[in-house]
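Shown next, in structure tokens, is the structure this report addresses.
Just follow the structure's listing: the first ligand is 1, and inside any ligand the first atom is 1.
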Amino acid sequence: MPASDRTTRVLRVDAADPDRGALREAAEVIRGGGLVVFPTETVYGLGADATNEQAVQGIFAAKGRPSDNPLIVHVASPQDLAPLVAAVPPPAEALLERFWPGPLTLVLRSRGAVAPSVTAGLDTVGVRMPEHPVARLLIELAGVPIAAPSANRSGRPSPTKATHVIEDLLGRVDVIIDGGDTGVGLESTVLDLTQDPPEILRPGGVTLEALRAVIGSVVEHQPTAAAPDVAPRSPGMKYTHYAPKAMVIVVDGPDIEMVQKINSLAYEYAEEGNRVGVMATAENRGSYLAPVVLELGPRADLAKVAAALFGTLRSFDQHEVDIVLAEALPEVGIGVAIMNRLRKAAGGRVVRV
Ligand code: TXA
Ligand code: MG
């Protein structure tokens, strides 16, 4: 069926204590090969039965997602990992013991139990057990693993509220479960355990430091100018992502110089006839001279900034700005994932002072 020909039902549930009846209805849609958007603790996911090839192809069509970008498989319990993978090596055991349920996706050799499109032709599969009560109950009631990318149209910021999903996917999915705001606000950490040492393909909710504390050696995947990501191992990382309609420019440097540079760029772009927005932290928001200044939260509390990032990027669309000047944030802890998403939203445009 054409991607935009579905009638979308929106089901509101209490995130902490979801109504079983409503989730049973949504689980039936999954079992019948339909598409269900559900909240997780990271971002909203666009789910289908991971064992049903036709249903999985519906995900790619609804998102407008390139077919070479594999999907994460969501399970309801740690025991559900073994049937999906060739083997569960000791580091995987230790990691799921410590971080599941939670924002960590483990990439392991696939056993071929999921539909071919899920893994986009790779011999590996990414699996995660989400913590959100709605996600967990939905997967349990569906009785099948659920393949789910973030529930945005391809290229847009990932959704952290049901309203974001409605903006992007109304008429393109069968059910949207509205469970309120997601918690972390950035997607899971994707860790490739088929490499030695294990490699972070996408930084996310579980930090490098936290992973190292459990399994020792972990490396970060670094595309370089000499070896750009032409055949990336996490194929999703090569596409433009997280972008609002405006052009985003990140400004990086010591606080005072950064604020001054943002103000001088704001002036120059306005002179050229652009409507300028600034994405500011709480500490600096009073220092900007621009028609639109949106606040992310305090730089002293990066978890708050992470939770607000995607929603704030989307808000600039409502303010109809042409340019967004964004403060860089410190790359410590969750700050690594924040800057990863911000650089992608900016298509690599970073000004250093
Ligand atoms: O927090 C999350 O991970 C959210 C929620 C819904 O669970 N999901 C999510 O999915 O962010 P998506 O499709 O937007 O991002 C999945 C990322 C992509 O970069 C993809 O390339 C990578 O994980 N990935 C999935 N399977 C992989 C595999 N077998 N090998 C390498 N990378 C993989
Ligand atoms: Mg995504």
Side-chain angles (χ1 to χ4, degrees), residues 36-48 50 56 59-60 62-75 84-86 99-112 114-132 134-136 138-139 145-160 164-165 168-169 177 179 182-195 198-206 221 223 229 231-243 306 310 337 340-341 344-345:
V36 174
V37 174
F38 59 98
T40 83
E41 73 280 14
T42 58
V43 300
Y44 274 81
L46 164 49
V56 172
I59 294 178
F60 287 87
K63 280 195 65 135
R65 180 175 176 112
S67 61
D68 65 348
N69 191 1
L71 308 177
I72 293 171
V73 178
H74 297 69
V75 296
L84 299 175
V85 298
F99 296 110
W100 280 14
L104 178 65
T105 296
L106 301 177
V107 172
L108 292 162
R109 295 264 168 247
S110 173
R111 185 186 279 258
V114 293
S117 292
V118 172
T119 53
L122 300 176
D123 63 354
T124 57
V125 62
V127 186
R128 110 170 169 94
M129 175 186 173
E131 183 169 22
H132 197 293
V134 173
R136 288 174 68 175
L138 176 70
I139 304 163
I146 296 184
S150 51
N152 49 282
R153 291 295 290 275
S154 209
R156 302 267 299 145
S158 299
T160 57
H164 301 159
V165 179
D168 279 17
L169 294 176
I177 305 173
T182 62
V184 179
L186 299 180
E187 304 87 341
S188 62
T189 302
V190 178
L191 182 69
D192 186 352
L193 286 169
T194 69
Q195 307 298 316
E199 184 175 41
I200 295 178
L201 300 180
R202 178 178 72 183
V206 174
H221 178 62
D229 245 357
R233 275 212 298 285
S234 189
M237 301 314 274
K238 77 181 174 205
Y239 296 105
T240 306
H241 261 99
Y242 312 119
F310 288 143
N340 170 274
R341 306 307 190 274
K344 283 184 197 301

task: From atom 11 (O) of ligand 1, work out which of Arg202, His221, His74 has a heavy atom at the shortest distance.
output: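 Result: the heavy atom closest to atom 11 (O) of ligand 1 is in Arg202.
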Side chains of [X] and [Y] in contact at under 4.5 Å (non-hydrogen atoms):
X      : Y      : value
Leu138 : His74  : no
Val206 : Pro103 : yes
His132 : Phe38  : no

- request: Kindly indicate, with the supporting measurements, whether the criterion side chain to side chain contact (heavy atoms under 4.5 Å, CB included) is fulfilled by Lys63 and Arg156.
  value: CA-CA 10 Å; Lys63 280 195 65 135; Arg156 302 267 299 145; over 6 Å; no
Find the distance between [atom1] ([X]) and [atom2] ([Y]) and round it off to the nearest 0.5 Å.
X      : Y      : atom1 : atom2 : answer
Asp192 : Ile200 : CG    : CD1   : 11.0 Å
Thr189 : Leu106 : OG1   : CG    : 10.0 Å
Glu187 : Ser150 : CD    : OG    : 5.5 Å

Using atom types as modelled and distance alone, determine if a side-chain donor or acceptor of [X] lies under 3.5 Å from a backbone N or O of [Y].
X      : Y      : value
Asp168 : Arg153 : yes
Arg128 : Trp100 : no
Glu131 : Glu41  : no
Arg202 : Ser188 : yes
Thr182 : Thr40  : no

Which of the atoms in ligand 1, numbered in the order shown and given with their element, are less than 4.0 Å from a heavy-atom of [X]?
X      : answer
Asn69  : 18 (C), 20 (C), 21 (O)
Val190 : 23 (O)
Leu201 : 31 (C), 32 (N)
Thr42  : 1 (O), 2 (C), 4 (C), 5 (C)
Val125 : 29 (N)

Less than 3.5 Å between some nitrogen or oxygen of [X] and one of ligand 1, yes or no?
X      : result
Ser188 : yes
Tyr44  : no
Ser150 : yes

- prompt: Under 2.8 Å from the Mg ion (ligand 2), protein N/O/S atom count?
  reply: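 Number of qualifying protein atoms: 1.
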- prompt: Can you tell which part of Glu41 has a heavy atom less than 4.0 Å from ligand 1: side chain, backbone, both or neither?
  reply: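 The answer is neither.
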- request: Quick one: look at Thr124 and ligand 1, take heavy-atom pairs under 4.0 Å, and tell me if it's side chain, backbone, both or neither.
  value: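 It is both parts that get close, each with some atom under 4.0 Å.
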message: Does the residue Thr119 have a heavy-atom contact with ligand 1, meaning some pair of atoms that are separated by less than 4.0 Å?
response: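 No.
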